Amino acid sequence: MTVFNSRNPEYKSAIRAIKVGEEVKLRICVPRSMNCNGALLCVTKDWESTVYNNMFWAGFAPDDHEYWEIHFSATTSGLYWYHFELETPWGKNFITNSGSGIGDITIEGGEFQQTVYDDDYKTPGWLKGGIIYQIFPDRFYSSGEKKEGVRPSRVMRKWGEEPFWSEEQMNGIWNNDYFGGDLKGIEKKLDYIKSLGVTCIYLNPIFEANSNHRYDTADYERIDPLLGTEDDLKSLCDKAEKMGISIILDGVFSHTGCDSKYFNMYNNYDSVGAYNSESSPYFSWYKFINYPDDYQSWWGIKLLPEVIEENEEYRNYICGKNGILRKWLKCGIKGWRLDVADELPDVFLDDLRNAVKAENKDAVIIGEVWEDATNKTAYNIRRRYLLGKQLDSVMNYPFADAVLNFVRFNNAAAFIDDVMSIIENYPPEALHILMNHIGTHDTERAITRLAGENAEGHGRDWQHEHNILDTEDYCRGVSMMKIASLIQFTLPGVPSIYYGDEIGMQGMKDPFNRACMKWDDIDEELLRWYRRLGEIRKGCGAFIEGEFIPVYCLHKTVAYKRAGDGNEILVALNLDEEIQEFEVGFEWDNSYAIFGESSKNGKITLAPFRYALLSR
């Protein structure tokens, strides 16, 4: 028998994070041959001493085993690590984490994690059960309207041409080619976006900056003139809201551009920037090592001088009553996605949350964190993003990797393990609004990552040569995209579509993944598929806050269900080269088959690389 399994309700009553004061029952199952005369739950909160808790004997178990149990709760939020110790006539034994939440009796081993979050932690309900659509503004759609105040040095390109990718093309100025996508263009395409079932649009940076990606902010108070005006943003938010779509913006607060009114290296602004004078009102924002040319910059990129986020004047500028966060919330946006959230210190994130929630308690705060956000350590500090006082949610890179790796490499056990790790560690309030993407502006296009060659370790010359799939690989990629998006749309959290993925756009890493939306080259089959997924998601209550329950997992086949709100959904996938039959339970025999066929005698039979989606 299993000694302990933190992901099995027979051993742990809550397979998730728990609130402060909430009890979770833990049970271990020990061989009677050990003559155990005492058991301890050993709990260590981060940076504190271990607390030893006596467990009680709870009766005999099958196969000549016995149960020991305890109820655990915590009075403060934080990360708690635990294992079990057994007292036997032969000395102490330990039950530690051997991986995937399974406990083994060992001399030494890993700890189990229990996240405890604030009991008043609430996240915006409007995002639950929805769909996010991510737009890189310069490349989505151009309204064709004339813009005022645009720098003549910007290189304007013809829509649909390949983005500049080599140094020769850029003429010494990186990321200076533009295609003219704008806010009015997005507004004109709201009907299209709505047809996908989208309830939230996430825009990459829109503030004035001097690159096409705009992560080098030049003026937080002004929309980039090539994208439009403040009134254009208000109009977009208003029109979108009437269609049931909210807008969230990208907040880039760990650094600015060197070509900005705050730093002003090239004297392109009327302001006295930190680079211009030590008397500048912005001088204290930056850390100069040898003034003015030697300063701390983001990842050593001199174009992006780092901001000292702890600086009170900077925090007030961003988070104050009349600060940047609240200014744009007043324009109608419904939240912020925070660039490199793990590089923003706690004091800044605390202030940021207070400001956002004071302006609109239902506004959402989503952080860019690439790892498990509950146990992330940055700058030798355990971060507390999801304990109730900072972020509402994060970009879910662990799920993205789990989905794409399963569809490409077909390891079902690894997929379930990766998914359950997040479900086990994350507070439910955060879990159900996780930003579940399978591709973004920072990664290869999903279809390329699934069916193309691996770009890791290769430069832009190689990526350019391998940027477009051949016909056979593309057809295979479309089939893989259907499976990947089916999983993406049925996991806990909110699926996020990177513009163009739904029509089959391809691309290696930046800038190949940031091409213009191909409005005249749409894969209609894939687009219909995405629209159908949007309809299904809207019609099934289990996707709002439904529990995730693994049903079957073996080799290259997997089945799981979502249960909640009077509705259950079963997802079954066979990524094997042969027909597979697997048990899912008799209750699914009379279910409604959205895709595939219902089970017969409690079993589902799937052809190679096929799937079923059942509802009851």
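Keep in mind that what you see is a predicted model, and the values were worked out from it rather than measured.
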Between [X] and [Y], is the gap from one ring center to the other below 6.0 Å?
X: H437; Y: Y397; result: yes
X: Y262; Y: W285; result: yes
X: F263; Y: Y286; result: yes
X: Y220; Y: F253; result: yes
X: F112; Y: F4; result: yes
X: F136; Y: Y499; result: no

Under a 4.0 Å N-O cut-off, is there an ion pair linking [X] with [Y]?
X: D118; Y: K19; result: no
X: K128; Y: E545; result: yes
X: R337; Y: D339; result: yes
X: D501; Y: R445; result: yes
X: E208; Y: K261; result: no
X: D372; Y: K376; result: no

**Prompt:** Which pairs, with at least one residue in residues 397-408 and sequence neighbours excluded, count as a salt bridge (Lys or Arg N to Asp or Glu O under 4.0 Å)?
**Reply:** D401-R449
Does any non-hydrogen side-chain atom of [Y] lie less than 4.5 Å from one of [X]?
X: L303; Y: W298; result: no
X: I223; Y: I206; result: yes
X: R382; Y: R384; result: no
X: R214; Y: D224; result: yes
X: D346; Y: Q390; result: yes
X: K334; Y: N360; result: yes
X: E69; Y: L26; result: no
X: S421; Y: N425; result: yes

Are [X] and [Y] close enough that a side-chain donor and a side-chain acceptor fall under 3.5 Å?
X: K12; Y: Q114; value: yes
X: T50; Y: T44; value: yes
X: E306; Y: W299; value: no
X: D46; Y: W81; value: yes

Take atom [atom1] of [X] as the centre, draw a 6.0 Å sphere, and report whether it contains more than 12 heavy atoms from other residues, nucleotides or ligands.
X: K330; atom1: NZ; result: yes
X: E241; atom1: CD; result: no
X: E10; atom1: CD; result: no
X: D294; atom1: CG; result: yes
X: E310; atom1: CD; result: yes

Under 30°, 30 to 60°, or over 60°: which ring-plane class applies to [X] and [Y], parallel, tilted or perpendicular?
X: Y498; Y: H441; result: tilted
X: Y80; Y: F72; result: perpendicular
X: Y291; Y: F283; result: perpendicular

**Asked** For S254, what residues pass the side chain to side chain donor-acceptor pair (under 3.5 Å) criterion, not counting sequence neighbours?
**Response** none
Heavy-atom donor-acceptor pair, [X] side chain to [Y] backbone, under 3.5 Å:
X: S496; Y: M435; value: no
X: Q134; Y: L203; value: no
X: Y11; Y: T2; value: yes
X: H255; Y: Y215; value: yes

**Request:** Decide whether a cation-pi geometry holds between K302 and Y295; the criteria are a distance under 6.0 Å from NZ or CZ to the six-membered ring centre and an angle within 45° of the ring axis.
**Result:**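 Flagged: K302 positioned over aromatic ring of Y295.
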**Y133 and Y202: CA distance, side-chain angles, deciding distance, ring pair (Phe, Tyr, Trp, His ring centres under 6.0 Å) verdict** = CA-CA 6 Å; Y133 193 76; Y202 152 49; over 10 Å; no
